[in-house]
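Following: one structure in structure tokens, then a few remarks.
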Amino acid sequence: MMYGISQFGYLVASALFIFALHWMNTPATARKGVYAGVAATAIAIGVTWAEPSVVHHVWIVLAIAAGFAVGVPLSRVPLTAVPQRTALSHAFGGAAAGLVGTAEYYLQLSEAPAHLTAFRMVALIAEIILGYLTLTGSLMAAGKLQEVKWVPQRPVTYPMQNVINLLLFGVTLALATAVTMHPTAAWAPLTFPIIIAMALLFGVLLIIPIGGADMPTVIAILNSYAGLSAVAMGFAIDNKLLITAGALDGSSGLILAIIMCKAMNRSFTNVLFGAFGQVKPVKADGAEAKIYKSETVEGAAQVLEQASFVVIIPGYGMAVAQAQHKVRELYDQLKKRGITVKFAIHPVAGRMPGHMNVLLAEADIPYTDLVEMDEINPDMPQVDVALVVGANDVVNPAARTDKSSPIYGMPIIEADKARSVFAIKRSKNPGFAGIDNELYFSDRTWMLFGDAKNVIGELVKQLAGGMH
Ligand code: NDP
């Protein structure tokens, strides 16, 4: 009876997980998606807990309390820190899978060794290798993104790195195969911890050659490893919900990683083995000699008023300045004058996928005025003013023209093709990729130096003051 109820609960939870992902497709339903995911998790925990075989209730209460103690503060991190927060969540997921796999092996070994069939052992070994390497890999990724002092930010490379990694992986697989074939041999329980140690080490080695710029893609890949380890755990402990939820997690992580690779024009192998970001930041040729033209807010407001088509290109700086609400006010001012205003959204603008969409949705800017890069680029030559709000790499024409640039080949929003460009940033410092941006030196570009929230606020004041 209880079994039937728990299986039904798992079915409902699986369906809710699928709907949750589906609802995440658009900002309009994303909130519903989050609620569905929370409900699915609560149902899954509830029906599992109600199983008669679950008897250690105090431990479960303690575990849930620990989860709250960590989870509540984690939910309060600023939006700009969400990538590293996500990496930490994957680390916890990996740790959980690894620990469950370890406990399961030793438990079965002492209580029911006959249960350690070849099938279950393959699942267990896959679970612990993927789980533990996700743990250390995700911790390294979070450390890099948070710029923790003792985690090197730049890629760490050494001769024969990939060969050494492959060798290490080969040895781990050989040990894993031996334990899988002889799980009850006297040496197997002693070899198991060696496999765990190798997986932990492998997680670190896998991440150190990868630069900060590729971290979000790597996090998506680690997401998919965590999902796969949950699938393996589902097979190992015979739990169908874990198989479904893990498969959803694994495949969505992989799809996201592929989308991000495309947006940065990178191949998967290039991200994982390419040591991107290792290239020493170089100044564009003769950049020192080049001159920025500054504009005053008053001047920029006048030009904006005369425009009939304005494209706003937000980037990481808008997130740092939390300028989205002021941007909304500017949008309203321009719309009031009958000016066409569109937002050009680059898929990797900011520091996480969908970063700009989230911020602009928070400021209630209609989704219909958010235009994706591929759609807006053909219109750029007809744009009177491209207003760059704290974006840098995603509008850098070097991606199109400079083969030596670390961002060469990345598709960009072609702000340089607009009739005029205003670029808001605080200083002459480069963006995330550490390189200069020719756009800022172009004949058609005028800089509005300052914090994005202040500058846009001033622009709004000018426009509001000028309209009677
Ligand atoms: P960039 O990081 O290239 O540039 C941001 C610019 O914003 C900087 O030049 C900075 O200049 C300016 N800025 C920072 N703070 C402020 C502020 N308060 N007011 C005004 N300007 C400010 O951002 P992009 O969005 O153009 O590009 C994103 C980059 O991040 C790409 O290289 C992408 O590959 C990478 N990336 C993207 C991820 C994603 O998933 N979206 C994840 C990780 C990396 P200054 O300091 O002078 O103000």
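Model, not experiment: these values are computed from the prediction. In each ligand, atom 1 is the first atom listed, and ligand 1 is the first ligand listed.
- Within the listing of ligand 1, atoms 26 (O) sit less than 4.0 angstrom from a heavy atom of Ala391.
- Between Phe169 and Phe202, the ring-plane angle classifies as parallel under the 30° and 60° cut-offs.
- Close approach of ligand 1 to Gly350 is summarised as follows: ligand atoms under 4.0 Å from at least one heavy atom of the residue are 25 (O), 28 (C), 30 (O), 36 (N), 37 (C), 38 (C), 39 (C), 41 (N).
- The Val320 neighbourhood of ligand 1 comprises atoms 15 (N), 18 (N), with distances under 4.0 Å to a heavy atom of that residue.
- Numbered from 1 in the order shown, with element, the atoms of ligand 1 that lie under 4.0 Å from a heavy atom of Ser427 read 45 (P), 46 (O), 47 (O), 48 (O).
- Heavy atoms of Met260 come nearer than 4.0 angstrom to ligand 1 in at least one pair.
- Near Asp451, meaning under 4.0 Å from one of its heavy atoms, ligand 1 places the atoms 17 (C), 18 (N), 19 (N).
- Relative to atom 16 (C) of ligand 1, the option among Gln322, Arg426, His346, Met318 with the closest non-hydrogen atom is Arg426.
- Here's the thing with Gly315: none of its N/O atoms is less than 3.5 angstrom from an N/O atom of ligand 1.
- Residue Asn392 holds the heavy atom nearest to atom 24 (P) of ligand 1 of all those in Ile413, Asn392, Val395.
- A distance-only check finds a donor-acceptor pair linking the side chain of Thr445 to the backbone of Leu439 [under 3.5 Å].
- Every atom of ligand 1 is numbered from 1 in the order shown, and the set under 4.0 Å from a heavy atom of Gly390 is 5 (C), 6 (C), 7 (O), 21 (N).
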Trace of the side chain to side chain contact (heavy atoms under 4.5 Å, CB included) decision for Val371 with Asp379: CA-CA 11 Å; Val371 188; Asp379 291 341; over 6 Å; no
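- Distances between N or O atoms of Tyr316 and those of ligand 1 include at least one value under 3.5 Å.
- On a distance-only criterion, Val348 and ligand 1 share at least one N/O pair closer than 3.5 Å.
- Salt bridge absent: Asp451 and Arg426 never bring a charged side-chain N and a carboxylate O closer than 4.0 Å.
- Side-chain N/O atoms of Arg328 and Gln324 include no donor and acceptor closer than 3.5 Å.
- Of all the atoms in ligand 1, the ones that sit under 4.0 Å from a non-hydrogen atom of Asp393 are 3 (O), 26 (O), 27 (O), 29 (C), 31 (C), 32 (O).
- For ligand 1, the polar-atom distance check against Tyr440 finds no nitrogen or oxygen pair separated by under 3.5 Å.
- Judged by the shortest distance from any of its heavy atoms, Gly450 lies inside the 4.0 Å radius around the atoms of ligand 1.
- The distance from atom CG of Leu222 to atom CG of Leu130, rounded to the nearest 0.5 Å, is 10.5 Å.
- Ion pairing between a basic and an acidic side chain is recognised when a charged N comes within 4.0 Å of a carboxylate O; Lys336 and Asp332 show no such pairing.
- The OH atom of Tyr35 lies 13.0 Å from the CH2 atom of Trp23; values are rounded to the nearest 0.5 Å.
- In this model, a donor atom of one side chain and an acceptor atom of the other lie less than 3.5 Å apart for Thr102 and Tyr132.
- Between Ala452 and ligand 1, at least one pair of N/O atoms sits closer than 3.5 Å.
- Rounding to the nearest 0.5 Å gives a distance of 7.5 Å between OG1 of Thr401 and CD of Glu438.
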